[in-house]
Amino acid sequence: MNLRPDPTFHATPRLAMEAPAETLAFTLMLSPDGSQPDGLAVVDVDRKSKTYGEIVHKLIMPNKGDEFHHFGWNACSSSLSPLSGHAFLERRYLIIPGIRSSRIYVIDVKEPLKAKIHKIIEPEEVLAKTGYSRPHTIHCGPEGIYVSTLGGGGADGTDGPPGIFIMDCETFEILGRYEMDRGKQEKHYDFWWNLPRDYMVSSEWGLPPQFENGLVAEDLLSNKYGHQIHFWNLRQRKNVQTIDLGENHQMALEIRPAHDPAKDYGFCGVVVDTTNLQGSIFTWWQKDDGTFEAKKTLTIDPRPEKAENLPPLLQGFEAVPPLVTDIDLSLDDKYLYVACWGLGEMHQYDVSDPMNPTLAGKVEIGGIARGTAHPNGKPFAYGPQMVEISRDGKRVYWTNSLYSTWDDQFYPDAKGGQMVMAHVGENGGLTLAEDFYVDFPDGYRSHQIRLEGGDCSTDSFCYPSA
């Protein structure tokens, strides 16, 4: 334990933006067929370094079949909350869950080039203490580590609904379930919060049989994937309101609240509208009476394409859906980045007016039936997927794998894992960096990224920017 708060903890988003730039990125490597153990790659992102754009360290796990997906820190800026008893923690450990195995790794990265396993939590313990399986999203809160799950008990994860559990942020012991009253929540995906306003928002993907072996077309066309967002009283651990975005808005995924806690709105990305194949963004906000509303504020159209150029799953539609699979919001709450995994496009929207997003920039790379190469001429498999933004908002990083079985359905002939970066213009706009291209080792794909010292989908802030 430190005697002072970790210098990478910041009271406000503005202070975080003014902090030193990242020099390292931590990126997950997954073996899609389970033939190799998954791993953590440390990537040099310091342009002054001789090894810029290279993997400078790899930590390979001792087990196979984990399928690393999302991960997060043991502690972050939320530790500065006036309600916290943990202000003197270090941002030292990465918590990495295996979405297939339900195993959780705690990785010590105090010395990033000597990253090592600190603790392994086996799936039997997760299930015994929570009744949940398929851990997915990690958020560091003021009083502990919150872990969302996609499955309940039983072999197929459908014995009871999934939810959130909490881990001790010092011992990494599993404490138990978060929910006291889940209301209408029966599926799960992402979650995030506004700490001073004491509410949390969660979203829905699907249950394990709906995603583990690939997208189930029959379930999608009959609108059986998630299409609701849930609002919670954070401290009471109670679902206070559920908003149905419309059953045609299938797979409500990433939740991105405004970083400045004085603002009472946020965004949710929806993968596909089954009536027209559009991707969409919903803006949600809290009203004066404390209740919430949500409105579709942005749509992205599919692209017509000849059936012979499409994977079997899409041939009947003769179109490429955008497939909005990740979104991320810059720390100044100005730009929302939208990964259109199907189109092979990364979009940048000015959301200064959150009810009226406007397109500010776009780059094309990868994509179904296109396979647009990187500006350096090298291939980019699949499409833009997990996106992460530097604290100062000047660099946007992303990888390319969605989920192993879904990769294979939508991109049956593609393979490989890449990570790229785009520069952000003074007044918006995106330009891919020709000198930054990370190709992961053979047999591995890449998913989520975490930046040294925190990033735009890691930290939550307790004080408004001045």
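When a residue number appears, it is its place in the shown sequence, counting from 1.
- In this structure, the ring of F172 has its center less than 6.0 angstrom from the ring center of H118.
- Interatomic distance, D38 CG to Q36 CD, rounded to the nearest 0.5 Å: 9.0 Å.
- With a 4.5 Å cut-off on side-chain heavy atoms, H57 and F26 do not count as touching.
- Between atom CD1 of residue I104 and atom CD1 of residue I174 there is a gap of 5.0 Å, rounded to the nearest 0.5 Å.
- When side chains are defined from C-beta on, F68 does not count as touching M29, because their heavy atoms never get closer than 4.5 Å.
- No option in Q385, E388, Q448 other than Q385 meets the side-chain contact (heavy atoms from CB on, under 4.5 Å) test with D326.
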Tell me, with the steps shown, if Q228 and I243 meet side chain to side chain contact (heavy atoms under 4.5 Å, CB included). CA-CA 6 Å; Q228 300 182 124; I243 295 179; over 6 Å; no
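- Heavy atoms from other residues, nucleotides or ligands lying under 6.0 Å from CG of D353 number more than 12.
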Is there a side chain to side chain contact (heavy atoms under 4.5 Å, CB included) between V272 and Y225? Walk through the geometry before answering. CA-CA 11 Å; V272 66; Y225 284 88; over 6 Å; no
Test side-chain hydrogen bond (donor to acceptor under 3.5 Å, both in side chains) on D46 and T23; report intermediate values, then the result. CA-CA 4 Å; D46 182 358; T23 62; 5.5 Å; no
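- Between the side chains of D333 and S330, no donor-acceptor pair of N or O atoms lies under 3.5 Å.
- Taking the six-membered ring for Trp and the full ring otherwise, the centers of H139 and W193 sit less than 6.0 Å from each other.
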side-chain hydrogen bond (donor to acceptor under 3.5 Å, both in side chains), that's the test. Do T8 and R91 meet it? Break it down for me. CA-CA 7 Å; T8 71; R91 188 195 303 270; 2.8 Å; yes
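- From S460, atom OG reaches atom CG of L195 across 4.5 Å, with rounding to the nearest 0.5 Å.
- Side-chain contact check for H249 and K296: at least one donor-acceptor pair (N or O, by modelled atom type) lies under 3.5 Å.
- Looking only at distances, no side-chain donor or acceptor of D44 sits under 3.5 Å from a matching main-chain atom of G53.
- The closest donor-acceptor contact from the side chain of T283 to the backbone of P354 lies under 3.5 Å.
- F380 has its ring centre no less than 6.0 Å from the ring centre of Y437.
- The nearest pair of heavy atoms linking I107 to A115 is CG2-CB, 4.3 Å.
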Using side chain to side chain contact (heavy atoms under 4.5 Å, CB included), reason through I164 and F191 one step at a time and then give a plain yes or no. CA-CA 9 Å; I164 294 171; F191 69 101; 3.9 Å; yes
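- Salt bridge present: E143 and R235 bring a charged side-chain N and a carboxylate O closer than 4.0 Å.
- H70 places no side-chain N or O within donor-acceptor distance of the main-chain N or O of T137, the cut-off being under 3.5 Å.
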Apply side-chain hydrogen bond (donor to acceptor under 3.5 Å, both in side chains) to Y337 and Q348, showing your working. CA-CA 5 Å; Y337 294 88; Q348 177 199 54; 2.9 Å; yes
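- To the nearest 0.5 Å, atom CG of residue D332 and atom CG of residue D260 are 10.5 Å apart.
- Contact check on D407 versus R445 returns a salt bridge, with a Lys/Arg side-chain nitrogen under 4.0 Å from an Asp/Glu carboxylate oxygen.
- Between L253 and S203 the shortest heavy-atom distance is O-OG, 2.5 Å.
- In this structure, D328 and L336 have side chains that are not in contact, with every pair of non-hydrogen atoms separated by 4.5 Å or more.
- The pair E204-K187 does not count as a salt bridge, with every side-chain nitrogen at least 4.0 angstrom from each carboxylate oxygen.
- Here the straight-line distance linking atom CG of L175 with atom OH of Y146 works out to 10.5 Å at 0.5 Å rounding.
- For C140 against S78, the heavy-atom pair with the smallest separation is O-OG, 2.8 Å.
- In this model, no donor atom of one side chain and acceptor atom of the other lie less than 3.5 Å apart for S457 and R256.
- If you look at F165 and Y178, their ring centroids are not closer than 6.0 Å.
- With R197 contributing its side chain and A262 its backbone, the two residues share a donor-acceptor pair below 3.5 Å.
- Proximity of the aromatic rings of F461 and H10 is defined here by a centroid distance below 6.0 angstrom, and this criterion is not met.
- Using modelled atom types and a 3.5 Å distance limit, the side chains of Y199 and Q241 yield no donor-acceptor pair.
- Aromatic rings from W205 and W406 are positioned such that their centres are separated by under 6.0 Å.
- Side-chain atoms of Q286 never come within 3.5 Å of backbone atoms of D264 as a donor-acceptor pair (strictly under, hydrogens ignored).
- In this structure, D168 contributes its side chain and E173 its backbone to no donor-acceptor pair below 3.5 Å.
- Although no hydrogens or angles enter the test, the distance criterion places no donor-acceptor pair under 3.5 Å between the side chain of D190 and the main chain of S202.
- Ring centroid separation for the pair H347 and Y349 comes in under the 6.0 Å cut-off.
- When atom types are taken as modelled, the side chain of S102 and the backbone of R134 share a donor-acceptor pair closer than 3.5 angstrom.
- Side-chain atoms of S446 come within 3.5 Å of backbone N or O of Q418 as a donor-acceptor pair.
- Dense packing is recorded around NZ of K129, with more than 12 heavy atoms of other residues, nucleotides or ligands lying under 6.0 Å away.
- Counting non-hydrogen atoms of other residues, nucleotides and ligands closer than 6.0 Å to NZ of K287 gives a total above 12.
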Start with the C-alpha gap between I365 and L432, add the side-chain angles, then the distance that decides, and say whether side chain to side chain contact (heavy atoms under 4.5 Å, CB included) holds. CA-CA 9 Å; I365 186 168; L432 275 164; 4.1 Å; yes
Test D108 against R92 for salt bridge (charged side-chain N to carboxylate O under 4.0 Å, His left out), laying out the working first. CA-CA 6 Å; D108 186 345; R92 174 172 176 171; 2.8 Å; yes
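- In this structure, D435 places its CG atom where more than 12 heavy-atom neighbours from other residues, nucleotides or ligands lie under 6.0 Å away.
- Atom CD1 of I95 sits about 10.0 Å away from atom NZ of K119, to the nearest 0.5 Å.
- No more than 12 heavy atoms of other residues, nucleotides or ligands sit less than 6.0 Å from atom NZ of K415.
- Of the charged side-chain nitrogens involved, at least one lies within less than 4.0 Å of a carboxylate oxygen, so that R103 and D66 count as a salt-bridged pair.
- The pair R391-D455 does not count as a salt bridge, with every side-chain nitrogen at least 4.0 angstrom from each carboxylate oxygen.
- Using a distance-only test at 3.5 Å, with no hydrogens or angles considered, no donor-acceptor pair links the side chain of N400 to the main chain of P384.
- The six-membered or imidazole ring of F71 lies away from that of Y105, with a centre-to-centre distance of 6.0 Å or more.
- H136 pairs in a ring pair (Phe, Tyr, Trp, His ring centres under 6.0 Å) with only one of the listed residues (H69, H447, H188), which is H69.
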Criterion salt bridge (charged side-chain N to carboxylate O under 4.0 Å, His left out) on K238 and E179, from CA distance to verdict: CA-CA 6 Å; K238 177 181 180 180; E179 301 83 7; over 6 Å; no
